[in-house]
Amino acid sequence: MASTSGYSIRDSMMMKKRDEFQDLLEERRNSSDLRYAFRCYSPVLYKELSPCTASSLKNLVLRSDQLRFVMSQVCQETGRAVVDIQEEASAILEEMAHNLQLSTVRFFAFTLCKVFKTLFRSICVNEEGIQRLQQVIQEHPVVLLPSHRSYMDFLLMSYIMYTYDVALPVIAAGMDFMGMKFVGEMLRMSGAFFIRRSFGSDKLYWAIFSEYVKTMVKNGFAPVEFFLEGTRSRTSKSLTPKLGLLNIVMDPFFKGEVFDLNLVPVSISYERILEESLYARELLGVPKPKESTSGLIKARKVLSEDYGSIHVYFGEPVSVRSLSQGKIDRSQFNLLPRHIPRRPSEEISSLVNDTAYRLVRAQEENMVLQPWVLLASLLLQSHHQNQVTALDQLTEQAVWLRDLSRQFGAFLHWPDDVPPSEVVSSSLSLHRGLVKISEGRVQLALDQAEQSDPEEPPRAATPEEELLSQAVTVLSCASYRNQALHIFLRPALLASAVLAASSNNKQEVFNSFSFLRNMLSNEFILCPGATVQDFEDACFLLVKTGALQVSQQEVVVTETGHRTLAFLTSVLDPFLQGYQVVCRFLCEEATEALTEKQFVPAVRTFILKLLLAGRLRYTEVLSSDLQKNSLAALMRLGAVQKIKGAEPGTLKVNKVMVNSLEDTLGGKLPTQKAAVARL
């Protein structure tokens, strides 16, 4: 089956050279921040419209035909008075709506200048991307879709737009920020509008939310900005896109209310992530701290740290009109009044889904990878093999991996005018909290167990605490390795398939590839219906690098290809073992009363026992993200089901099917010795 998205790695590699970057902080270091904050700000606007005030926008929403229709429905269904419903609608809108004030934006511009210059060496932006954006904003409504790896993302986006005189976006934000006294209102006045994390079957809330967003899109008052992944990725892998907001912003085009709509993917790449250890702890079950102003003030100690550079790449605008050509018959909307809500047709759902995957892939393709990402990959593999690497050997491996990733089409920021040994030393220095260098040998810094309360006298850590402390370092390191997974994923799936297949037969290798790809499609961005395309892309890359020879009938590893295949299979191994161990847990430990809520704590306890007994090799399998993804895959494949009528979220496990999947993933869990021998 061919790719439905029509997106091919080969196509992306044939694209023109990527844009050059400009450092925004260079000018800020040499001129007045106050003058910058109070400079003349006159952005170009959509069709030269005057920006709409926040109160006018709310009035437009409350008077809209769609909202009136839904309010009358709610009145009939609940028997409540019209006035009550209208008051509730006004209150919801008051809680939700942004209140963009230029004075607040100027305050943020001044403050962020100070913060960014302290934290980062540079903030590099592709100016050609900004110029493309300035052009399309004048012609059609624009939706900005940044990647989401840090709390810093939306502040950074608005800072860049202000710097380049681009219309400031209105930004979808979670209600969590509203709990932050003063800061919540400041964010609202800098363009954030707040939405509840879930509002299920609340028909009125859904109608107000969708009408609020559509009104901004239809009138082009400002670019709308939201995160396609829905939430921050705590693993630095791209998350499966959420389709709710994308459906809403594309709807005015389908209904003929706008001529076109431009979707702009934005890739934000951090050399060092501010929240790295916080994310690792969350993945290990330490609750996420509640957003609060006092927490923000306490976090000011990060200002004494060096977080390297940020690269922000504004991708090519994607025209919804072009995407829909020949796929959507918009005349269907002429048959009913447009204000009557209805479910999207199968064609529209399919297009929105394909578009979402295409946009997340575009974000991935334009992520700028730092040398540390490659070093983290190599150091993790050494750690898994219980090896310590000499610094000169690590440099040689890094240069080899640099060349391989470039051949795979990576967007790599590796300064070629600097000796590799200096590039490596500089990267290790920036991430010195994660690595230990002693007598010219490098390894992960695993002996830095933190005392939970510095006020308390130190005490001996239990084996579980020691293991979890080490896991924080491993998962922090893995989050950097994960930044490069989109580069290695398809070749790694093929490498693992070659290893798993019982012969060189191409069809057999493809079947194995197809199984692994399907199994891991909750874990990575793998476009639905693109299995053949991905297989062909993987073959193309591994033949291009000389690792494989592929004919009509056979897939054969070349003599020089073993090093490449060993690296690639090691990239996927932690994920495969994670899925295996979840299958093992469900077969051995799952009770009939196991619920979805109990699953992660129970599987974590099971994994800790196996790790402490030396029966598991990868500390990474403690990641709750990996555990949830493997359960989602087993539910998608029908091996685990939710039981209706029982306690909410109760799981029914088909142990025969789960056992069979575990066998296919690699059979019995290897002992420590057997695992090393397998490499």
Side-chain angles (χ1 to χ4, degrees), residues 197-198 200-201 230-231 233-235 237 239-240 242 279-288 462-465 467-468 471 475 478 515-516 518-524 573-671:
R197 286 288 177 200
S198 59
S201 56
T231 185
S233 169
R234 285 154 179 77
T235 59
K237 286 196 289 103
L239 306 178
T240 303
K242 303 281 191 296
Y279 287 169
R281 286 179 170 78
E282 282 181 40
L283 292 169
L284 293 167
V286 178
K288 171 184 155 190
T462 65
E464 283 88 351
E465 286 169 339
L467 183 59
L468 287 168
L475 288 176
F515 166 78
L516 290 172
N518 186 24
M519 195 76 204
L520 295 172
S521 60
N522 289 78
E523 197 69 50
F524 306 109
D573 268 353
F575 298 97
L576 296 176
Q577 187 168 87
Y579 279 53
Q580 262 181 267
V581 78
V582 166
C583 289
R584 174 58 55 90
F585 164 77
L586 291 170
C587 286
E588 288 184 5
E589 303 277 322
T591 63
E592 288 188 6
L594 180 73
T595 64
E596 224 174 338
K597 197 174 178 184
Q598 296 162 346
F599 166 76
V600 169
V603 82
R604 184 183 293 122
T605 304
F606 179 71
I607 290 169
L608 274 168
K609 281 183 197 163
L610 289 174
L611 283 165
L612 288 168
R615 289 187 57 210
L616 270 186
R617 181 177 177 190
Y618 298 107
T619 330
E620 281 178 64
V621 301
L622 280 167
S623 162
S624 58
D625 185 76
L626 191 149
Q627 294 153 15
K628 287 173 188 171
N629 286 340
S630 51
L631 180 64
L634 292 168
M635 289 170 81
R636 175 173 48 81
L637 296 169
V640 178
Q641 293 175 323
K642 280 190 204 175
I643 304 172
K644 287 177 184 167
E647 189 184 332
T650 302
L651 302 173
K652 182 185 180 185
V653 181
N654 179 338
K655 294 196 177 183
V656 174
M657 193 171 172
V658 170
N659 208 33
S660 165
L661 287 167
E662 186 201 343
D663 285 347
T664 317
L665 280 166
K668 301 292 177 198
L669 286 171
T671 62

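Just so it is clear, the model here is predicted, and its values are computed rather than measured. Hydrogens, waters and symmetry mates play no part in the numbers below; they use all other heavy atoms, side chains included. One-based numbering along the sequence shown.
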Go through Leu651 and Ile643 one step at a time and tell me if the side-chain contact (heavy atoms from CB on, under 4.5 Å) criterion holds.
-> CA-CA 6 Å; Leu651 302 173; Ile643 304 172; over 6 Å; no
Before giving the answer on side-chain contact (heavy atoms from CB on, under 4.5 Å), spell out for Val656 and Asn659 the whole-Å C-alpha distance, their side-chain angles and the decisive distance to 0.1 Å.
-> CA-CA 5 Å; Val656 174; Asn659 208 33; 5.8 Å; no
Would Thr462 and Glu465 count as a side-chain contact (heavy atoms from CB on, under 4.5 Å) if you check the C-alpha gap in whole Å, the side-chain angles of each, and the deciding distance to 0.1 Å?
-> CA-CA 5 Å; Thr462 65; Glu465 286 169 339; 3.3 Å; yes
Do Glu523 and Lys237 pass the salt bridge (charged side-chain N to carboxylate O under 4.0 Å, His left out) test, and can you show the C-alpha distance, the side-chain angles, and the key distance before you say yes or no?
-> CA-CA 8 Å; Glu523 197 69 50; Lys237 286 196 289 103; 3.0 Å; yes
Walk me through it: do Arg636 and Asn518 pass the test side-chain hydrogen bond (donor to acceptor under 3.5 Å, both in side chains)?
-> CA-CA 10 Å; Arg636 175 173 48 81; Asn518 186 24; 2.8 Å; yes
What's the verdict on side-chain contact (heavy atoms from CB on, under 4.5 Å) for Leu586 and Lys655, showing C-alpha distance, side-chain angles and the deciding distance?
-> CA-CA 7 Å; Leu586 291 170; Lys655 294 196 177 183; over 6 Å; no
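Within the 4.5 Å cutoff, no side-chain heavy atoms of Met657 are placed close to those of Glu662. Side-chain contact between Leu634 and Met519 is present, with heavy atoms from C-beta onward closer than 4.5 Å. By the 4.5 Å heavy-atom criterion applied to side chains, Gln627 and Val621 are not counted as neighbours. You'll find the side chain of Glu596 reaches within 4.5 Å of the side chain of Leu631, heavy atoms only. Annotation: side chain of Arg234 is in contact with side chain of Thr231 (closest heavy-atom distance under 4.5 Å). Proximity of Asn522 to Thr240: side-chain heavy atoms (C-beta onward) are nowhere separated by under 4.5 Å. Side chains of Asn629 and Tyr579 form a contact here, defined as non-hydrogen atoms less than 4.5 Å apart. Counting only heavy atoms from C-beta outward, the side chains of Val603 and Val581 never approach each other to under 4.5 Å.
A donor-acceptor pair is defined here as one N or O able to donate and one able to accept, closer than 3.5 Å; such a pair exists between the side chain of Ser624 and the backbone of Leu283.
Pairing each heavy atom of Gly638 with each of Gln641, the nearest pair is O-CG, 4.3 Å. Closest approach of Leu611 and Tyr618 over heavy atoms only: CD2-O, 3.9 Å. Ala602 and Phe585 get closest at one heavy-atom pair: CB-CZ, 3.7 Å. Of all the heavy atoms in Gln577 and Arg617, the pair that sits closest is OE1-N, 3.2 Å.
More than 12 heavy atoms of other shown residues, nucleotides or ligands fall within 6.0 angstrom of atom CD in Glu588.
Scored by the ring-ring contact (aromatic ring centres under 6.0 Å, His included) test, Phe575 finds Phe524 as partners (sequence neighbours excluded).
In this structure, the separation between CG on Leu468 and CG on Leu622 is 6.5 Å, given to the nearest 0.5 Å. Distance NZ/Lys642 to OG1/Thr650: 10.0 Å, rounded to 0.5 Å. Ile607 contributes atom CD1, which lies 11.0 Å from atom OG1 of Thr619 (distance to the nearest 0.5 angstrom). Residue Arg604 holds its CZ atom at 10.5 Å from CZ of Phe599, rounded to the nearest 0.5 Å. Rounded to the nearest 0.5 Å, atoms CD (Gln580) and OG (Ser630) are 11.5 Å apart. Atom CG in Leu665 sits 7.5 Å away from atom CG in Leu520 (nearest 0.5 Å).
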